[in-house]
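I'd like to ask you about the structure that follows.
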Amino acid sequence: MQKKFEFTYENLEKHYLKALSLGYKMYKCIDYFEKKNTLPLKIIVNRIDLDFSVKKTDKILDIFEKLDIKGTFFIRLHAKEYNPFDFDNYRIINRIIKSGNEIGYHSEVIDESAIWNEKPDDCLRRDIKVFNSMFNTEIKGIASHGGMTGLNNLDFWNENKPSDFGVMYEAYDDSGNFGLFKKSFYISDSEWTHWKCYDKGNLLKGNIKTFGEHLDDGHDLIYLLIHSDTFYTNHFYE
Ligand SMILES: [Zn+2]
């Protein structure tokens, strides 16, 4: 019987520390896009989606700064759970950028298109423009958010290319330009109470080994996805 909570900041820090001690190097998504053919073995592409909370990201940044690791943080614009421009959220997003991490847009263009009856490509162009202006940046990457509408925001990329929108990659893109998901061992916290994993695109059903436990298997290329929302100091309801 499981008696301890897995998704504490303390455990997260331990997993990252173990990765570093085993010789893993941590990279942002843009590093993988730009240098994938020259990167060493034993790397972790470190991705963080901000689905419901920007504020919880502060603690994750504390860990990253302490261990000197970087990642790519994908931020929504249309969440009803947070306003990226609220006083503390804007401060934290600037902290992400200033500490050398990458930010990207966590896209919901298919949802926008269905709810507002607007063309998804118009929505995306406007989103990127607003996002870049809001944070005085030029994003390189987009990751599609999986929400509750029943629609799949990733479907947009069946007919569109990132370069058509002035960006370089979509984080689940399998076209070969990015192609990380199907080449990597993918570990995600997206089940809320336990980890899940995919080996080169195939779900390993029932495998709930933690990020730290997977490190013992020595995978050369790990794609790690965590969410700011999943983690806590003591318990989920704090
Ligand atoms: Zn998401």
Side-chain angles (χ1 to χ4, degrees), residues 6-7 12 28-30 32-33 44-61 64 71-86 89-90 92-93 96-97 101-116 120 123-124 126-128 130-131 134-135 137 139-158 160 162 165 167-174 178 180-182 184 186-198 201 203 211 222-232 236:
E6 165 57 22
F7 289 118
L12 183 66
K28 298 174 274 192
C29 292
I30 188 63
Y32 183 75
F33 176 85
I44 296 173
V45 180
N46 191 24
R47 169 176 158 193
I48 308 91
D49 287 0
L50 278 53
D51 278 7
F52 306 117
S53 173
V54 177
K55 294 185 175 63
K56 283 188 148 200
T57 310
D58 242 358
K59 285 267 194 340
I60 292 177
L61 288 169
F64 284 15
T72 301
F73 294 73
F74 289 100
I75 299 158
R76 295 169 72 190
L77 285 179
H78 308 289
K80 66 174 183 174
E81 291 84 1
Y82 68 77
N83 167 8
F85 224 31
D86 100 1
N89 290 347
Y90 182 76
I92 292 166
I93 293 167
I96 297 174
I97 301 168
N101 295 285
E102 178 189 11
I103 60 167
Y105 175 45
H106 205 24
S107 152
E108 296 168 274
V109 284
I110 296 293
D111 296 335
E112 286 170 68
S113 167
I115 293 169
W116 295 336
C123 291
L124 183 58
R126 182 180 54 209
D127 287 342
I128 292 172
V130 168
F131 194 103
M134 196 183 274
F135 302 113
T137 188
I139 54 161
K140 308 279 194 321
I142 291 178
S144 299
H145 172 66
M148 295 303 288
T149 61
L151 307 179
N152 187 349
N153 290 303
L154 200 52
D155 287 346
F156 178 77
W157 301 103
N158 294 338
N160 294 282
F165 297 86
V167 292
M168 293 179 174
Y169 68 88
E170 203 290 333
Y172 286 118
D173 171 27
D174 275 320
F178 193 67
L180 177 58
F181 181 60
K182 286 197 176 157
S184 60
Y186 174 90
I187 307 169
S188 158
D189 66 356
S190 61
E191 299 286 310
W192 289 103
T193 56
H194 56 82
W195 296 90
K196 72 171 176 179
C197 60
Y198 290 71
L203 175 68
F211 166 33
I222 291 177
Y223 187 3
L224 177 71
L225 170 63
I226 63 169
H227 295 76
S228 56
D229 327 290
T230 312
F231 293 88
Y232 39 78
F236 185 80

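Note that the structure is predicted; figures quoted are calculated from it, not measured. Each ligand, and each atom within it, is numbered from 1 in the order the structure gives.
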Centroid-centroid under 6.0 Å between F165 and F156 rings: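 Under 6.0 Å, so yes.
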N153 and D111: side chain donor to acceptor below 3.5 Å: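 Checked: N153/D111 side chains pair up, N/O donor to acceptor below 3.5 Å.
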Under 2.8 Å: N/O/S of D49 next to the Zn ion (ligand 1): no
H145 ND1 and D51 OD1 subtending at the Zn ion (ligand 1) (10° steps):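 So the angle at the metal works out to 100°.
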Geometric cation-pi criterion R47 and F181, 6.0 Å radius, 45° cone: no
Y186 side chain to Y172 side chain, donor-acceptor N/O pair below 3.5 angstrom: yes
Metal proximity, H227 vs the Zn ion (ligand 1), N/O/S cut-off 2.8 Å: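 Checking H227: none of its N, O or S atoms is under 2.8 Å.
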